[in-house]
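This is a predicted model, so every value here is computed, not measured. In what follows, chains are A, B, ... by sequence order, proteins preceding strands, each numbered from 1.
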There are 2 protein chains.
Amino acid sequence: MAQDNGADRRRPTLTDVAALAGVDSSLVSRVLRGDPKGFASADTRARIMQAAETLGYRANVAARGLRNSRTMTLGLVLPGFSSPVYSAIAHGVEERARASGYGLVLSTHAVGDPHETITDMLMQGRVDAMLVASGLIEDTSLRQLVDRHPGSVVLVNRQVRGIAASVVVRDGDAAALAVEHLSGLGHRSICGVFGLRTVDTMVRRRNGFVRACKRLGVDATIVEMPDRDHVAGYEAAQRALQTTNPPTALLAGTFPMGVGVLAGARDLGVAVPEQVSVLALHNDQLADYLSPRLSTLSLPTRRLGAEAAELALSLIEGGTPRRVVVPDAPELVLRSSTATAP
Amino acid sequence: MAQDNGADRRRPTLTDVAALAGVDSSLVSRVLRGDPKGFASADTRARIMQAAETLGYRANVAARGLRNSRTMTLGLVLPGFSSPVYSAIAHGVEERARASGYGLVLSTHAVGDPHETITDMLMQGRVDAMLVASGLIEDTSLRQLVDRHPGSVVLVNRQVRGIAASVVVRDGDAAALAVEHLSGLGHRSICGVFGLRTVDTMVRRRNGFVRACKRLGVDATIVEMPDRDHVAGYEAAQRALQTTNPPTALLAGTFPMGVGVLAGARDLGVAVPEQVSVLALHNDQLADYLSPRLSTLSLPTRRLGAEAAELALSLIEGGTPRRVVVPDAPELVLRSSTATAP
DNA sequence: CTGTTAGCGCATTCAT
DNA sequence: ATGAATGCGCTAACAG
């Protein structure tokens with residue numbers, strides 16, 4: 001059926017549909033959108049639907065956006081897909097956005113300056129709001145952005161003084177839960193492996209860790225690394241495990257760090273979990289395929305994305321910025337990397 | 001500096017800039033775009049630039065798109081970010097697109113029917129072309145898409161009869177290289193672990209594997225799994241290793257499958273690489289952090305993305321669809337998962 | 001119940 | 001060297 005409706009290669013417009021249905025384009029617009037004022041007679045209605053169908057008509061988003069000054073798309077900025085957390089967030093956002101008829105444009109730090117990217121997206125009218133899920137953009141830069149585009153920027157798993165619109169998960173509680181588990185296993189000396197204190201999630205997790213240790217009378221040490229990836233975890237483990245009085249358990253601040261810690265211990269000849277227990281924040285399917293299988297603390301990342309989209313949508317509708325904490329409690333996912341203290 | 005240029009909360013338009021510079025908006029348009037006919041006097045020119053600068057003017061893409069029927073954005077469909085390959089492709093596309101001033105809209109299979117999604121993107125005028133990097137969409141569905149949108153669809157690492165616009169890497173050669181390495185190590189019986197034969201990349205890798213085995217006189221067996229993820233690799237290893245006459249080496253058709261194979265062998269108590277060698281197609285940083293460190297065949301995935309974007313861009317400019325093979329030869333990245341045959 | 005009109009922001013003739 | 005007029009496709013008053 002390679003039919004070629006005329007020599008017509010351009011997309012059908014409202015006018016095309018109107019012509020085919022023998023009515024005015026404005027009527028078509030109303031009917032197709034289900035506009036309450038578009039109460040066409042059953043007959044015209046049917047003809048319109050029919051025409052739209054045969055032509056494969058889809059409203060042009062540029063024209064519609066121009067008219068309504070609403071693009072119906074959300075932007076999401078991520079550092080990349082290095083961590084499974086980011087894909088989970090992206091899925092959550094996409095799902096929620098789509099449910100409201102919104103599209104999603106994704107952008108990573110891979111290319112160009114993120115501040116610039118965000119400004120462009122907003123100022124060019126590419127998106128109605130931007131979700132920022134990067135710990136790398138500086139606070140001042142973010143404040144500036146929010147200042148210039150009030151009601152159009154939402155922070156994802158990050159809080160910045162002076163910026164209300166943000167949604168986070170209970171990172172601190174997850175770290176605390178980890179400590180509780182370890183403490184229950186008899187560990188009295190735990191080392192936390194985190195990224196820079198300039199990264200909001202890292203300070204929240206770190207605080208949760210420190211407080212829980214204090215509360216439970218556990219000896220806490222901390223290794224702070226410049227990055228939060230495999231490599232950082234690897235090196236942190238090397239560093240922590242080679243001290244004169246090494247901890248009996250390690251808590252990794254991110255999932256990739258946990259993967260690195262496991263490898264670091266292995267290369268040092270330190271057996272996990274026999275000689276040292278390892279736990280990582282954030283869960284991922286991959287954990288089951290590591291050796292040993294890595295126990296984790298699961299946080300609702302997908303919902304994090306969904307809630308962020310939700311907030312952005314409400315802002316677009318004129319809602320007020322607010323701080324939301326995704327209420328789901330962190331869960332301990334026990335696999336094979338923890339055991340009673342040696 | 002919470003200055004509020006008037007009560008002005010909406011984005012500045014060409015007219016705003018024109019007013020501030022004391023000229024007509026059409027002149028501003030020409031000057032700002034570097035239109036050859038926009039040869040304003042040095043003075044006006046300066047005033048225009050100045051005005052645009054202070055207002056932070058950015059051309060509205062909807063208006064521009066409407067006028068030019070060109071959105072300046074590319075769409076990319078992926079199954080998800082389960083595999084590092086997809087993020088690499090996305091980065092490659094993003095980079096190349098940006099270099100030509102194009103934006104990128106990413107969409108995964110997470111939500112909704114992909115065929116529908118692609119059609120929508122194109123018909124709604126959200127994008128100028130779509131790159132499809134999914135092995136899951138059926139051939140007929142794809143052909144239909146290309147039929148309806150000639151010159152607007154590019155296949156990424158996939159070939160379909162009747163569709164010219166596609167770019168692939170040398171998958172088959174990578175599989176062959178793997179076999180050569182293993183054969184050189186004395187392995188005479190190798191098991192290939194692949195996904196369904198309905199997936200183009202899988203048949204290309206599989207063919208490369210089979211032919212190389214035949215050529216080198218190696219005994220080839222194949223396990224075909226419905227999926228291509230960790231789980232599939234895990235189960236395939238279990239299956240292959242429990243036969244009466246198990247192979248001495250396994251080649252995993254995807255990186256996640258390789259991860260799964262490693263775990264499968266471990267749980268069977270089969271030592272890698274002492275009892276069985278393991279190799280996986282596609283390289284990733286994670287390989288260094290597995291136990292044992294996983295040897296892989298590296299393929300130019302980032303460039304794959306870049307070339308796909310390149311092709312799409314050329315199609316948009318009216319170029320003709322063509323098949324491109326990224327010429328970079330696959331590379332063996334030796335780590336610790338292969339050894340001489342037992 | 002349906003048609004007419006106007007304008008969103010921009011790029012492009014065509015004048016001057 | 002610069003300005004005026006027009007239309008991309010759509011929606012929202014406002015008629016009738």
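With salt bridges taken as basic N to acidic carboxylate O contacts below 4.0 Å, none links B:Arg30 and B:Asp24. The pair A:Arg47-A:Asp43 counts as a salt bridge, with a side-chain nitrogen and a carboxylate oxygen less than 4.0 angstrom apart. The pair A:Arg161-A:Asp139 does not meet the salt-bridge criterion, since no charged nitrogen lies less than 4.0 angstrom from a carboxylate oxygen. Note on A:Glu95 versus A:Arg302: salt bridge recorded, some NZ/NE/NH1/NH2 to OD/OE distance being below 4.0 Å.
For the residue pair B:Thr71 / B:Asp128, a side-chain donor-acceptor distance below 3.5 Å is found, with atom types taken as modelled. Of the N and O atoms on the side chains of B:Ser29 and B:Arg33, at least one donor lies less than 3.5 Å from an acceptor on the other residue.
A:Leu27 has its CG atom 14 Å from the P atom of D:dA12, to the nearest Å. In this entry the distance linking CG of A:Leu32 with C1' of D:dG9 reads 14 Å, nearest Å. Taking atom CZ of A:Arg47 as the reference point, atom P of C:dT2 lies 8 Å away to the nearest angstrom. Rounded to whole angstrom, the span from the CZ atom of B:Arg11 across to the P atom of C:dG9 amounts to 8 Å. If you measure from atom CG of B:Asp24 to atom P of C:dT16, you get 15 Å, rounded to the nearest angstrom. Between the P atom of C:dG9 and the CG atom of B:Asp16 lies a distance of 8 Å, rounded to the nearest Å. The nearest whole Å value for the distance from the CE atom in B:Met72 to the P atom in C:dA11 is 11 Å. For the pair A:Arg70 CZ and C:dG9 P, the interatomic distance rounds to 15 Å; values are reported in whole Å.
Listed pair A:Arg64 / D:dG9 fails the phosphate criterion, with no side-chain N or O lying under 4.0 Å from OP1 or OP2. The phosphate of C:dA11 has OP1 or OP2 within less than 4.0 Å of a side-chain N or O from B:Ser29. For the OP1/OP2 pair of D:dT2 and a distance below 4.0 Å, the side-chain nitrogens and oxygens of B:Thr44 include at least one atom meeting the criterion. In terms of phosphate contacts, A:Ser41 brings a side-chain nitrogen or oxygen within less than 4.0 Å of OP1 or OP2 of C:dT2.
Within the nucleic acid shown, A:Asn68 comes within 4.0 Å of sugar-phosphate atoms alone, with no base atom in reach, counting heavy atoms only. Note on A:Ser69: nothing from the nucleic acid sits closer than 4.0 angstrom, heavy atoms only. Using a 4.0 Å heavy-atom criterion, one finds that B:Leu14 contacts the sugar-phosphate atoms exclusively. The residue B:Ala62 sits apart from the nucleic acid: no heavy atom pair falls under 4.0 Å.
For A:Ser26 and C:dT4, a side-chain-to-base donor-acceptor distance below 3.5 Å is present, hydrogens and geometry of angles not being considered.
Atom CD of A:Glu116 has more than 12 neighbouring heavy atoms from other residues, nucleotides or ligands inside a 6.0 Å radius.
Along DNA chain C, the nucleotide nearest A:Lys37 and the nucleotide nearest A:Ala63 are compared for position; the residue whose nucleotide lies closer to the 5' end is A:Lys37. Residue whose closest nucleotide on DNA chain D sits further toward the 5' end, between A:Arg33 and B:Arg30: B:Arg30. Place A:Asp35 and B:Leu66 on DNA chain D by their nearest nucleotides, and B:Leu66 ends up nearer the 5' end.
Helix bend of the helix from C:dC1-D:dG16 to C:dT16-D:dA1: the angle between its two end axes, each built from five pairs, comes to 40° after rounding to 10°.
Using modelled atom types, one side-chain atom of A:Arg158 and one backbone atom of A:Ser134 make a donor-acceptor pair closer than 3.5 Å.
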